[in-house]
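The figures that follow rest on heavy atoms only: side chains count, while hydrogens, waters and symmetry mates do not.
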Amino acid sequence: MTQPVSILLCALGGEGGGVLANWLIDVARLADYPAQATSIPGVAQRTGATTYYLEIYPIPRLQLNGQLPVLGLNPLPGRLDALVSSELLETARQIANGLASNDRTCVISSSSRALTTAEKMVMGDGRRDETALLDVIAENSLRHHVLDMAHLCQEAGTMVSAVMLGAIAASGLLPFARTHYETVLAGNSASAKASLRGFSLAFERVSKQREQTQYLDQLLAPPPTLPTLSTTESDFAELTANIGTQTRVPQQVLSEFPPSLHHLFSLAYQRVHQYQNEAYAQLMVDRLKKLKHIETAAPGGSAACPVTTEATRWLALWMAYDDIIQVAHLKSRSQRWDRVSQEVKLQDGELLKVYDHFKPGVPELAAMLPMSWAQALLKWDRQRVANGKEAWSMPIKLARHSVLGMLSLRFLSLLRVFRPYGHRYITEQALIEEWLEGIASACAVSTDLALEVARCGQLIKGYGSTNERGKDNLLHILKTVCVPDTSKTAAEQTAAVSQIRKAALQDEAGQLLDQALSLHGAPVRPVKAQPILWMKNPRIKSSSS
(Lines give C-alpha, C1' and ligand atoms only; values in the text may rest on other atoms or scores of the structure.)
Protein backbone atom coordinates (compact mmCIF):
# COMPACT_ATOMS: atom_id res chain seq x y z
CA MET A 1 0.00 0.00 0.00
CA THR A 2 1.28 3.45 -0.90
CA GLN A 3 2.05 5.52 2.18
CA PRO A 4 2.19 9.33 2.39
CA VAL A 5 5.59 10.98 2.78
CA SER A 6 5.82 12.27 6.37
CA ILE A 7 7.98 15.31 7.09
CA LEU A 8 8.71 17.03 10.41
CA LEU A 9 10.02 20.59 10.20
CA CYS A 10 11.79 22.02 13.27
CA ALA A 11 12.61 25.73 13.42
CA LEU A 12 13.43 28.12 16.24
CA GLY A 13 11.45 31.27 16.88
CA GLY A 14 11.60 33.80 14.06
CA GLU A 15 13.23 31.47 11.53
CA GLY A 16 10.19 31.11 9.29
CA GLY A 17 9.15 27.52 10.00
CA GLY A 18 5.54 28.36 9.24
CA VAL A 19 6.54 30.00 5.97
CA LEU A 20 8.47 26.86 4.99
CA ALA A 21 5.45 24.66 5.73
CA ASN A 22 3.24 26.91 3.59
CA TRP A 23 5.78 26.81 0.76
CA LEU A 24 5.74 23.00 0.74
CA ILE A 25 1.94 22.92 0.73
CA ASP A 26 1.91 25.44 -2.16
CA VAL A 27 4.39 23.29 -4.09
CA ALA A 28 2.20 20.22 -3.58
CA ARG A 29 -0.88 22.11 -4.74
CA LEU A 30 0.97 23.46 -7.77
CA ALA A 31 1.99 19.92 -8.74
CA ASP A 32 -1.56 18.70 -7.85
CA TYR A 33 -0.61 16.27 -5.04
CA PRO A 34 -2.69 15.80 -1.86
CA ALA A 35 -1.00 17.38 1.16
CA GLN A 36 -1.77 18.40 4.73
CA ALA A 37 0.16 20.38 7.38
CA THR A 38 -0.26 20.92 11.11
CA SER A 39 1.84 22.94 13.58
CA ILE A 40 2.86 21.98 17.11
CA PRO A 41 4.03 25.06 19.03
CA GLY A 42 6.96 24.66 21.42
CA VAL A 43 6.95 25.95 24.98
CA ALA A 44 9.78 28.39 24.23
CA GLN A 45 12.62 28.84 21.79
CA ARG A 46 15.13 26.78 23.72
CA THR A 47 12.83 24.29 25.45
CA GLY A 48 11.53 23.02 22.15
CA ALA A 49 11.22 24.36 18.65
CA THR A 50 7.89 25.01 17.00
CA THR A 51 7.46 21.97 14.78
CA TYR A 52 5.39 21.60 11.63
CA TYR A 53 4.22 18.18 10.49
CA LEU A 54 3.38 17.53 6.85
CA GLU A 55 2.10 14.52 4.96
CA ILE A 56 2.23 14.54 1.17
CA TYR A 57 0.72 11.68 -0.82
CA PRO A 58 3.18 10.69 -3.59
CA ILE A 59 0.50 10.11 -6.26
CA PRO A 60 -1.10 13.02 -8.17
CA ARG A 61 -4.82 13.64 -7.86
CA LEU A 62 -5.46 12.75 -11.51
CA GLN A 63 -4.36 9.17 -10.84
CA LEU A 64 -6.53 8.78 -7.73
CA ASN A 65 -9.80 8.75 -9.70
CA GLY A 66 -11.56 11.07 -7.28
CA GLN A 67 -10.46 9.23 -4.14
CA LEU A 68 -8.59 11.13 -1.40
CA PRO A 69 -6.10 9.64 1.08
CA VAL A 70 -6.50 9.96 4.83
CA LEU A 71 -3.53 11.98 6.15
CA GLY A 72 -2.27 12.08 9.74
CA LEU A 73 -2.08 15.11 11.99
CA ASN A 74 1.01 14.29 14.05
CA PRO A 75 4.24 12.31 13.61
CA LEU A 76 4.54 8.74 14.88
CA PRO A 77 7.78 7.45 16.43
CA GLY A 78 9.89 5.52 13.95
CA ARG A 79 7.60 6.29 11.00
CA LEU A 80 9.06 9.59 9.91
CA ASP A 81 10.37 9.87 6.35
CA ALA A 82 12.17 13.20 6.83
CA LEU A 83 13.34 15.19 9.81
CA VAL A 84 14.40 18.72 8.81
CA SER A 85 15.92 21.00 11.43
CA SER A 86 17.69 24.36 11.42
CA GLU A 87 19.85 23.67 14.51
CA LEU A 88 22.14 20.75 15.30
CA LEU A 89 21.22 20.22 18.96
CA GLU A 90 17.51 20.55 18.14
CA THR A 91 17.96 17.78 15.56
CA ALA A 92 19.49 15.51 18.19
CA ARG A 93 16.68 16.39 20.62
CA GLN A 94 14.02 15.35 18.12
CA ILE A 95 15.91 12.11 17.45
CA ALA A 96 15.99 11.50 21.21
CA ASN A 97 12.19 11.70 21.16
CA GLY A 98 12.24 8.53 19.03
CA LEU A 99 10.87 10.11 15.86
CA ALA A 100 13.72 9.15 13.52
CA SER A 101 14.77 5.62 12.56
CA ASN A 102 17.84 4.24 10.81
CA ASP A 103 15.76 2.21 8.36
CA ARG A 104 13.49 4.96 7.05
CA THR A 105 14.28 8.56 7.99
CA CYS A 106 16.24 11.07 5.94
CA VAL A 107 17.67 13.69 8.32
CA ILE A 108 18.44 17.17 6.97
CA SER A 109 20.11 19.38 9.54
CA SER A 110 22.18 22.50 9.90
CA SER A 111 25.62 22.15 11.45
CA SER A 112 25.32 25.61 12.99
CA ARG A 113 24.38 26.08 16.64
CA ALA A 114 22.19 28.43 18.67
CA LEU A 115 23.65 27.99 22.14
CA THR A 116 21.22 27.08 24.91
CA THR A 117 20.97 29.01 28.15
CA ALA A 118 22.63 26.13 30.01
CA GLU A 119 25.58 26.24 27.62
CA LYS A 120 25.99 29.99 28.06
CA MET A 121 25.84 29.84 31.86
CA VAL A 122 28.96 27.67 32.16
CA MET A 123 32.01 29.75 33.14
CA GLY A 124 34.17 27.79 30.70
CA ASP A 125 33.35 26.32 27.31
CA GLY A 126 29.91 24.82 27.89
CA ARG A 127 29.16 23.94 24.28
CA ARG A 128 27.95 20.44 23.50
CA ASP A 129 30.32 18.17 21.61
CA GLU A 130 29.29 18.52 17.96
CA THR A 131 31.00 15.25 17.05
CA ALA A 132 28.70 13.38 19.41
CA LEU A 133 25.66 15.12 17.92
CA LEU A 134 26.74 14.16 14.39
CA ASP A 135 27.18 10.56 15.55
CA VAL A 136 23.62 10.57 16.87
CA ILE A 137 22.35 11.72 13.46
CA ALA A 138 24.40 9.09 11.62
CA GLU A 139 23.24 6.26 13.87
CA ASN A 140 19.55 7.16 13.69
CA SER A 141 19.01 7.93 10.01
CA LEU A 142 18.83 5.98 6.79
CA ARG A 143 20.66 8.86 5.10
CA HIS A 144 21.41 12.38 6.16
CA HIS A 145 22.60 15.76 4.89
CA VAL A 146 24.33 18.15 7.29
CA LEU A 147 25.26 21.60 5.98
CA ASP A 148 26.06 24.99 7.47
CA MET A 149 22.73 26.69 6.88
CA ALA A 150 23.76 29.82 8.79
CA HIS A 151 26.65 30.38 6.39
CA LEU A 152 24.38 29.86 3.37
CA CYS A 153 21.83 32.32 4.81
CA GLN A 154 24.54 34.92 5.27
CA GLU A 155 25.84 34.36 1.75
CA ALA A 156 22.37 34.64 0.19
CA GLY A 157 21.01 37.32 2.52
CA THR A 158 17.88 35.34 3.33
CA MET A 159 16.18 33.41 6.12
CA VAL A 160 16.93 29.78 6.90
CA SER A 161 13.48 28.67 5.69
CA ALA A 162 14.52 29.19 2.04
CA VAL A 163 17.73 27.20 2.61
CA MET A 164 15.79 24.36 4.24
CA LEU A 165 13.42 24.29 1.26
CA GLY A 166 16.35 23.94 -1.14
CA ALA A 167 17.76 21.06 0.90
CA ILE A 168 14.41 19.27 0.90
CA ALA A 169 14.02 19.75 -2.86
CA ALA A 170 17.49 18.33 -3.59
CA SER A 171 17.07 15.34 -1.26
CA GLY A 172 14.84 13.56 -3.80
CA LEU A 173 12.34 12.81 -1.08
CA LEU A 174 9.36 14.40 -2.82
CA PRO A 175 8.14 13.80 -6.40
CA PHE A 176 8.36 17.45 -7.41
CA ALA A 177 10.56 19.13 -10.01
CA ARG A 178 12.87 21.99 -9.14
CA THR A 179 10.74 24.34 -11.22
CA HIS A 180 7.78 23.73 -8.90
CA TYR A 181 9.73 25.07 -5.92
CA GLU A 182 11.17 28.01 -7.83
CA THR A 183 7.71 28.98 -9.08
CA VAL A 184 6.42 29.20 -5.52
CA LEU A 185 9.41 31.33 -4.47
CA ALA A 186 9.39 33.55 -7.55
CA GLY A 187 8.72 37.26 -7.23
CA ASN A 188 10.11 40.69 -8.02
CA SER A 189 10.77 41.75 -4.43
CA ALA A 190 14.23 41.72 -2.91
CA SER A 191 13.19 39.10 -0.34
CA ALA A 192 11.92 36.76 -3.06
CA LYS A 193 15.20 37.05 -4.96
CA ALA A 194 17.16 36.41 -1.78
CA SER A 195 15.01 33.35 -1.06
CA LEU A 196 15.78 31.99 -4.52
CA ARG A 197 19.50 32.51 -3.92
CA GLY A 198 19.32 30.63 -0.63
CA PHE A 199 17.25 27.87 -2.23
CA SER A 200 19.77 27.48 -5.04
CA LEU A 201 22.79 27.36 -2.73
CA ALA A 202 21.25 24.64 -0.56
CA PHE A 203 19.98 22.70 -3.58
CA GLU A 204 23.46 22.59 -5.12
CA ARG A 205 25.10 21.69 -1.79
CA VAL A 206 22.79 18.75 -1.08
CA SER A 207 22.90 17.58 -4.71
CA LYS A 208 26.68 17.49 -4.50
CA GLN A 209 26.50 15.48 -1.28
CA ARG A 210 24.17 12.96 -2.92
CA GLU A 211 26.54 12.59 -5.87
CA GLN A 212 29.45 12.00 -3.52
CA THR A 213 27.50 9.43 -1.53
CA GLN A 214 26.42 7.55 -4.65
CA TYR A 215 29.97 7.50 -5.98
CA LEU A 216 31.35 6.21 -2.70
CA ASP A 217 28.63 3.58 -2.47
CA GLN A 218 29.67 2.31 -5.90
CA LEU A 219 33.26 1.99 -4.75
CA LEU A 220 32.23 0.36 -1.44
CA ALA A 221 33.94 3.25 0.33
CA PRO A 222 33.56 4.42 4.00
CA PRO A 223 30.17 5.01 5.65
CA PRO A 224 27.89 7.70 4.27
CA THR A 225 28.81 10.09 7.09
CA LEU A 226 32.13 10.94 5.47
CA PRO A 227 30.84 13.08 2.59
CA THR A 228 28.90 15.25 5.01
CA LEU A 229 31.88 15.68 7.31
CA SER A 230 34.25 16.44 4.45
CA THR A 231 31.91 19.15 3.19
CA THR A 232 31.75 20.69 6.65
CA GLU A 233 35.53 20.60 6.95
CA SER A 234 35.98 22.28 3.56
CA ASP A 235 33.60 25.06 4.58
CA PHE A 236 35.56 25.58 7.80
CA ALA A 237 38.86 25.68 5.90
CA GLU A 238 37.46 28.28 3.50
CA LEU A 239 36.19 30.41 6.39
CA THR A 240 39.57 30.15 8.15
CA ALA A 241 41.36 31.21 4.98
CA ASN A 242 39.12 34.25 4.59
CA ILE A 243 39.82 35.32 8.16
CA GLY A 244 43.54 34.87 7.69
CA THR A 245 43.68 37.17 4.69
CA GLN A 246 42.45 40.09 6.79
CA THR A 247 45.41 40.08 9.19
CA ARG A 248 48.17 42.63 8.91
CA VAL A 249 51.05 41.37 11.00
CA PRO A 250 54.64 42.39 10.16
CA GLN A 251 56.43 39.43 8.63
CA GLN A 252 59.48 39.92 10.82
CA VAL A 253 57.25 39.52 13.86
CA LEU A 254 55.74 36.27 12.61
CA SER A 255 59.17 34.87 11.76
CA GLU A 256 60.10 34.93 15.44
CA PHE A 257 57.37 32.43 16.32
CA PRO A 258 56.81 28.83 15.21
CA PRO A 259 54.66 28.35 12.06
CA SER A 260 51.97 26.49 14.03
CA LEU A 261 51.35 29.70 15.99
CA HIS A 262 51.13 32.10 13.02
CA HIS A 263 47.38 31.92 12.42
CA LEU A 264 46.40 32.33 16.07
CA PHE A 265 49.04 35.02 16.53
CA SER A 266 47.70 36.95 13.54
CA LEU A 267 44.18 36.95 14.97
CA ALA A 268 45.48 38.04 18.37
CA TYR A 269 47.59 40.82 16.86
CA GLN A 270 44.69 42.13 14.79
CA ARG A 271 42.35 42.13 17.79
CA VAL A 272 44.71 44.03 20.08
CA HIS A 273 45.75 46.47 17.34
CA GLN A 274 42.11 47.29 16.58
CA TYR A 275 41.38 47.65 20.29
CA GLN A 276 44.03 50.31 20.97
CA ASN A 277 46.90 50.97 18.55
CA GLU A 278 50.10 49.54 17.11
CA ALA A 279 52.08 50.28 20.27
CA TYR A 280 49.61 48.24 22.32
CA ALA A 281 49.90 45.34 19.85
CA GLN A 282 53.68 45.61 20.13
CA LEU A 283 53.34 45.31 23.91
CA MET A 284 51.60 41.98 23.36
CA VAL A 285 54.38 40.90 21.00
CA ASP A 286 57.08 41.80 23.54
CA ARG A 287 55.30 39.86 26.25
CA LEU A 288 54.96 36.77 24.08
CA LYS A 289 58.55 36.98 22.85
CA LYS A 290 59.76 37.06 26.44
CA LEU A 291 57.56 34.09 27.34
CA LYS A 292 58.73 32.15 24.27
CA HIS A 293 62.36 32.69 25.22
CA ILE A 294 61.68 31.44 28.76
CA GLU A 295 59.77 28.41 27.49
CA THR A 296 62.37 27.29 24.95
CA ALA A 297 65.17 27.70 27.52
CA ALA A 298 63.29 25.73 30.20
CA PRO A 299 63.93 22.01 30.76
CA GLY A 300 61.65 20.04 28.48
CA GLY A 301 60.88 23.07 26.34
CA SER A 302 59.51 22.37 22.86
CA ALA A 303 60.14 24.25 19.63
CA ALA A 304 56.36 24.19 19.03
CA CYS A 305 55.96 26.43 22.12
CA PRO A 306 52.64 25.05 23.46
CA VAL A 307 52.81 27.32 26.52
CA THR A 308 53.24 30.45 24.40
CA THR A 309 50.46 29.29 22.08
CA GLU A 310 48.00 28.88 24.94
CA ALA A 311 49.05 32.17 26.51
CA THR A 312 48.53 33.99 23.19
CA ARG A 313 44.87 33.06 23.09
CA TRP A 314 43.99 34.35 26.56
CA LEU A 315 46.41 37.26 26.56
CA ALA A 316 44.76 38.81 23.49
CA LEU A 317 41.31 38.44 25.01
CA TRP A 318 42.45 39.88 28.33
CA MET A 319 44.27 42.85 26.81
CA ALA A 320 41.15 43.69 24.76
CA TYR A 321 38.86 43.85 27.79
CA ASP A 322 35.41 45.42 27.42
CA ASP A 323 34.93 48.98 28.62
CA ILE A 324 32.76 51.96 27.66
CA ILE A 325 35.20 52.99 24.95
CA GLN A 326 35.19 49.58 23.28
CA VAL A 327 31.39 49.25 23.47
CA ALA A 328 30.98 52.68 21.86
CA HIS A 329 33.43 51.74 19.10
CA LEU A 330 31.60 48.49 18.28
CA LYS A 331 28.16 50.14 18.28
CA SER A 332 29.25 52.99 16.00
CA ARG A 333 30.85 50.88 13.27
CA SER A 334 29.27 50.99 9.83
CA GLN A 335 29.29 47.16 9.66
CA ARG A 336 26.84 47.06 12.56
CA TRP A 337 24.39 49.34 10.73
CA ASP A 338 24.66 47.15 7.62
CA ARG A 339 24.08 44.00 9.68
CA VAL A 340 21.00 45.44 11.42
CA SER A 341 19.63 46.64 8.06
CA GLN A 342 19.96 43.15 6.65
CA GLU A 343 18.38 41.54 9.70
CA VAL A 344 15.26 43.73 9.52
CA LYS A 345 15.24 43.52 5.68
CA LEU A 346 15.33 47.28 5.21
CA GLN A 347 13.82 48.30 1.86
CA ASP A 348 14.46 51.40 -0.23
CA GLY A 349 12.55 54.37 1.09
CA GLU A 350 12.10 52.90 4.57
CA LEU A 351 13.45 54.51 7.74
CA LEU A 352 15.38 52.60 10.38
CA LYS A 353 15.80 53.76 13.97
CA VAL A 354 18.22 52.03 16.33
CA TYR A 355 18.25 52.81 20.06
CA ASP A 356 21.09 51.65 22.29
CA HIS A 357 20.48 51.26 26.00
CA PHE A 358 23.33 51.78 28.47
CA LYS A 359 23.44 51.70 32.24
CA PRO A 360 26.97 52.66 33.30
CA GLY A 361 27.77 52.54 36.99
CA VAL A 362 30.62 53.87 39.10
CA PRO A 363 33.06 51.05 38.10
CA GLU A 364 32.58 51.83 34.39
CA LEU A 365 33.12 55.56 34.90
CA ALA A 366 36.03 55.08 37.31
CA ALA A 367 37.74 52.82 34.76
CA MET A 368 38.48 55.86 32.56
CA LEU A 369 39.62 58.20 35.38
CA PRO A 370 43.12 58.64 36.80
CA MET A 371 44.01 56.33 39.68
CA SER A 372 43.44 58.78 42.57
CA TRP A 373 40.13 60.06 41.21
CA ALA A 374 38.90 56.55 40.49
CA GLN A 375 39.75 55.29 43.97
CA ALA A 376 37.89 58.18 45.58
CA LEU A 377 34.84 57.57 43.39
CA LEU A 378 34.84 53.82 44.09
CA LYS A 379 35.17 54.48 47.83
CA TRP A 380 32.14 56.78 47.68
CA ASP A 381 30.08 54.11 45.89
CA ARG A 382 31.10 51.39 48.39
CA GLN A 383 30.10 53.65 51.26
CA ARG A 384 26.80 54.28 49.52
CA VAL A 385 26.10 50.53 49.33
CA ALA A 386 27.18 50.05 52.95
CA ASN A 387 24.59 52.61 53.99
CA GLY A 388 21.82 50.54 52.44
CA LYS A 389 21.51 52.35 49.12
CA GLU A 390 21.74 50.84 45.66
CA ALA A 391 24.95 51.17 43.70
CA TRP A 392 24.86 54.31 41.58
CA SER A 393 24.07 53.93 37.89
CA MET A 394 22.76 56.10 35.10
CA PRO A 395 20.35 54.61 32.54
CA ILE A 396 20.88 56.06 29.06
CA LYS A 397 18.81 55.60 25.90
CA LEU A 398 20.87 56.71 22.91
CA ALA A 399 19.47 57.10 19.40
CA ARG A 400 22.24 55.65 17.27
CA HIS A 401 20.50 56.75 14.06
CA SER A 402 20.55 60.43 15.06
CA VAL A 403 23.44 62.83 14.52
CA LEU A 404 23.75 63.51 18.24
CA GLY A 405 23.69 59.82 19.10
CA MET A 406 26.30 58.94 16.49
CA LEU A 407 28.54 61.83 17.54
CA SER A 408 28.26 60.71 21.17
CA LEU A 409 29.37 57.17 20.31
CA ARG A 410 32.22 58.39 18.12
CA PHE A 411 33.37 60.80 20.83
CA LEU A 412 33.46 57.99 23.40
CA SER A 413 35.37 55.73 21.00
CA LEU A 414 37.97 58.47 20.44
CA LEU A 415 38.71 58.48 24.17
CA ARG A 416 40.90 55.43 23.61
CA VAL A 417 43.93 57.75 23.50
CA PHE A 418 43.33 58.39 27.23
CA ARG A 419 42.77 54.71 28.06
CA PRO A 420 46.41 54.04 29.17
CA TYR A 421 46.03 56.68 31.89
CA GLY A 422 42.82 55.21 33.30
CA HIS A 423 42.39 53.25 36.50
CA ARG A 424 41.28 50.01 34.88
CA TYR A 425 44.03 49.97 32.27
CA ILE A 426 46.69 50.26 34.95
CA THR A 427 44.99 47.62 37.10
CA GLU A 428 44.51 45.16 34.23
CA GLN A 429 48.12 45.46 33.05
CA ALA A 430 49.40 44.78 36.56
CA LEU A 431 47.25 41.65 36.80
CA ILE A 432 48.36 40.50 33.36
CA GLU A 433 52.01 40.86 34.35
CA GLU A 434 51.38 38.86 37.52
CA TRP A 435 49.80 36.06 35.48
CA LEU A 436 52.68 36.04 32.98
CA GLU A 437 55.20 35.96 35.82
CA GLY A 438 53.33 32.97 37.25
CA ILE A 439 53.67 31.19 33.89
CA ALA A 440 57.39 32.01 33.75
CA SER A 441 57.94 30.74 37.30
CA ALA A 442 56.09 27.53 36.47
CA CYS A 443 58.36 26.96 33.45
CA ALA A 444 61.28 26.55 35.86
CA VAL A 445 59.41 23.64 37.46
CA SER A 446 57.81 22.04 34.41
CA THR A 447 56.49 23.15 31.04
CA ASP A 448 53.40 21.03 31.71
CA LEU A 449 52.74 23.06 34.85
CA ALA A 450 53.35 26.28 32.91
CA LEU A 451 50.81 25.15 30.31
CA GLU A 452 48.17 24.66 33.01
CA VAL A 453 48.93 28.09 34.49
CA ALA A 454 48.57 29.59 31.01
CA ARG A 455 45.19 27.89 30.64
CA CYS A 456 44.07 29.65 33.81
CA GLY A 457 43.77 32.77 31.65
CA GLN A 458 40.41 31.30 30.61
CA LEU A 459 39.07 32.36 34.01
CA ILE A 460 39.09 36.00 32.85
CA LYS A 461 35.88 36.52 30.92
CA GLY A 462 32.68 38.53 30.82
CA TYR A 463 32.24 41.90 32.43
CA GLY A 464 31.14 43.41 35.73
CA SER A 465 30.96 41.05 38.69
CA THR A 466 31.69 38.01 36.52
CA ASN A 467 34.97 39.53 35.35
CA GLU A 468 35.96 40.57 38.88
CA ARG A 469 35.17 37.12 40.23
CA GLY A 470 37.31 35.50 37.55
CA LYS A 471 40.27 37.75 38.37
CA ASP A 472 39.93 37.03 42.09
CA ASN A 473 39.90 33.28 41.40
CA LEU A 474 42.94 33.54 39.14
CA LEU A 475 44.94 35.52 41.68
CA HIS A 476 44.03 33.08 44.44
CA ILE A 477 45.17 30.12 42.33
CA LEU A 478 48.42 31.88 41.43
CA LYS A 479 49.24 32.72 45.05
CA THR A 480 48.19 29.46 46.70
CA VAL A 481 48.45 26.64 44.14
CA CYS A 482 51.00 27.69 41.51
CA VAL A 483 53.78 28.62 43.94
CA PRO A 484 56.78 26.21 44.09
CA ASP A 485 56.03 23.35 46.46
CA THR A 486 58.85 20.94 47.30
CA SER A 487 56.44 18.52 48.98
CA LYS A 488 54.77 17.73 45.64
CA THR A 489 56.13 16.49 42.36
CA ALA A 490 55.71 18.54 39.20
CA ALA A 491 53.10 16.06 37.93
CA GLU A 492 51.08 16.32 41.15
CA GLN A 493 51.18 20.11 41.07
CA THR A 494 50.17 20.14 37.41
CA ALA A 495 47.19 17.87 38.12
CA ALA A 496 46.16 20.07 41.04
CA VAL A 497 46.16 23.26 38.96
CA SER A 498 44.21 21.50 36.19
CA GLN A 499 41.50 20.19 38.51
CA ILE A 500 41.15 23.48 40.39
CA ARG A 501 40.91 25.46 37.14
CA LYS A 502 38.18 23.16 35.81
CA ALA A 503 36.28 23.44 39.11
CA ALA A 504 36.40 27.24 38.91
CA LEU A 505 34.88 27.11 35.42
CA GLN A 506 32.05 24.76 36.37
CA ASP A 507 30.55 26.63 39.31
CA GLU A 508 29.81 30.36 39.24
CA ALA A 509 29.24 30.48 43.00
CA GLY A 510 32.70 28.98 43.64
CA GLN A 511 31.63 26.09 45.87
CA LEU A 512 33.29 23.49 43.65
CA LEU A 513 36.40 25.67 43.52
CA ASP A 514 36.65 25.78 47.31
CA GLN A 515 36.16 22.01 47.48
CA ALA A 516 38.94 21.47 44.94
CA LEU A 517 41.25 23.83 46.84
CA SER A 518 40.65 21.96 50.10
CA LEU A 519 41.14 18.61 48.37
CA HIS A 520 44.64 19.64 47.27
CA GLY A 521 45.61 21.22 50.57
CA ALA A 522 45.26 24.83 49.45
CA PRO A 523 43.43 27.46 51.49
CA VAL A 524 39.92 28.28 50.35
CA ARG A 525 39.04 31.75 49.18
CA PRO A 526 38.50 34.30 51.95
CA VAL A 527 34.90 35.22 52.65
CA LYS A 528 34.09 38.72 51.45
CA ALA A 529 32.29 41.02 53.84
CA GLN A 530 28.77 41.92 52.76
CA PRO A 531 26.70 44.73 54.30
CA ILE A 532 23.59 43.77 56.24
CA LEU A 533 20.58 45.67 55.01
CA TRP A 534 17.65 46.05 57.37
CA MET A 535 14.31 46.31 55.63
CA LYS A 536 11.17 47.68 57.28
CA ASN A 537 8.18 45.38 57.20
CA PRO A 538 5.34 47.43 55.66
CA ARG A 539 2.70 45.25 57.36
CA ILE A 540 3.83 46.27 60.86
CA LYS A 541 2.27 49.57 61.93
CA SER A 542 4.37 52.02 63.86
CA SER A 543 3.66 52.43 67.59
CA SER A 544 2.70 56.07 67.13
CA SER A 545 -0.24 55.11 64.99
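- When every heavy atom of T296 is checked against every heavy atom of C305, the shortest pair comes out as CG2-SG, 3.8 Å.
- Taking a 6.0 Å sphere around CH2 of W373, one finds it holds 12 or fewer heavy atoms contributed by other residues, nucleotides or ligands.
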List the steps and the verdict of side-chain hydrogen bond (donor to acceptor under 3.5 Å, both in side chains) for E295 and T308.
-> CA-CA 8 Å; E295 179 184 5; T308 306; 2.7 Å; yes
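- Of all non-hydrogen atoms in A516 and A503, the two that sit nearest each other are CB-CB, 3.8 Å.
- Heavy-atom contacts from other residues, nucleotides or ligands closer than 6.0 Å to CD of Q429 number more than 12.
- Q276 and R419 share a donor-acceptor pair across their side chains, judged by distance under 3.5 Å alone.
- When only modelled atom types and interatomic distance are considered, Q270 and Q274 share no side-chain donor-acceptor pair under 3.5 Å.
- Counting non-hydrogen atoms of other residues, nucleotides and ligands closer than 6.0 Å to NZ of K502 gives a total of 12 or fewer.
- Remark: Q154 CD is loosely packed, at most 12 non-hydrogen atoms of other residues, nucleotides or ligands lying under 6.0 Å away.
- When every heavy atom of L352 is checked against every heavy atom of S341, the shortest pair comes out as CD2-OG, 3.7 Å.
- Side chains of E90 and S85: no donor on one and acceptor on the other come within 3.5 Å.
- Between Y321 and Y425, a ring centre-to-centre spacing not shorter than 6.0 Å is recorded.
- Atom CD of E350 sits in a crowded spot, with more than 12 heavy atoms from other residues, nucleotides or ligands closer than 6.0 Å.
- Shortest non-hydrogen contact noted between T312 and A268 is CG2-CB, 3.8 Å.
- A donor-acceptor contact closer than 3.5 angstrom links the side chains of Q383 and N387.
- Side-chain atoms of Q499 and H520 form a donor-acceptor pair, as typed in the model, at a separation below 3.5 Å.
- Side-chain contact between M368 and D323 is absent, with no heavy atoms from C-beta onward closer than 4.5 Å.
- In this pair, Y355 and H401 present their aromatic rings perpendicular. The plane angle is above 60°, beyond the 30 to 60° band.
- Checked against the 6.0 Å centroid criterion, the rings of W435 and W318 qualify as a close aromatic pair.
- Within the 4.5 Å cutoff, the side chain of R287 has heavy atoms near those of the E433 side chain.
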I would like to know whether K471 and E428 meet salt bridge (Lys or Arg N to Asp or Glu O under 4.0 Å); could you show each step before the answer?
-> CA-CA 9 Å; K471 287 186 287 191; E428 296 288 351; 2.7 Å; yes
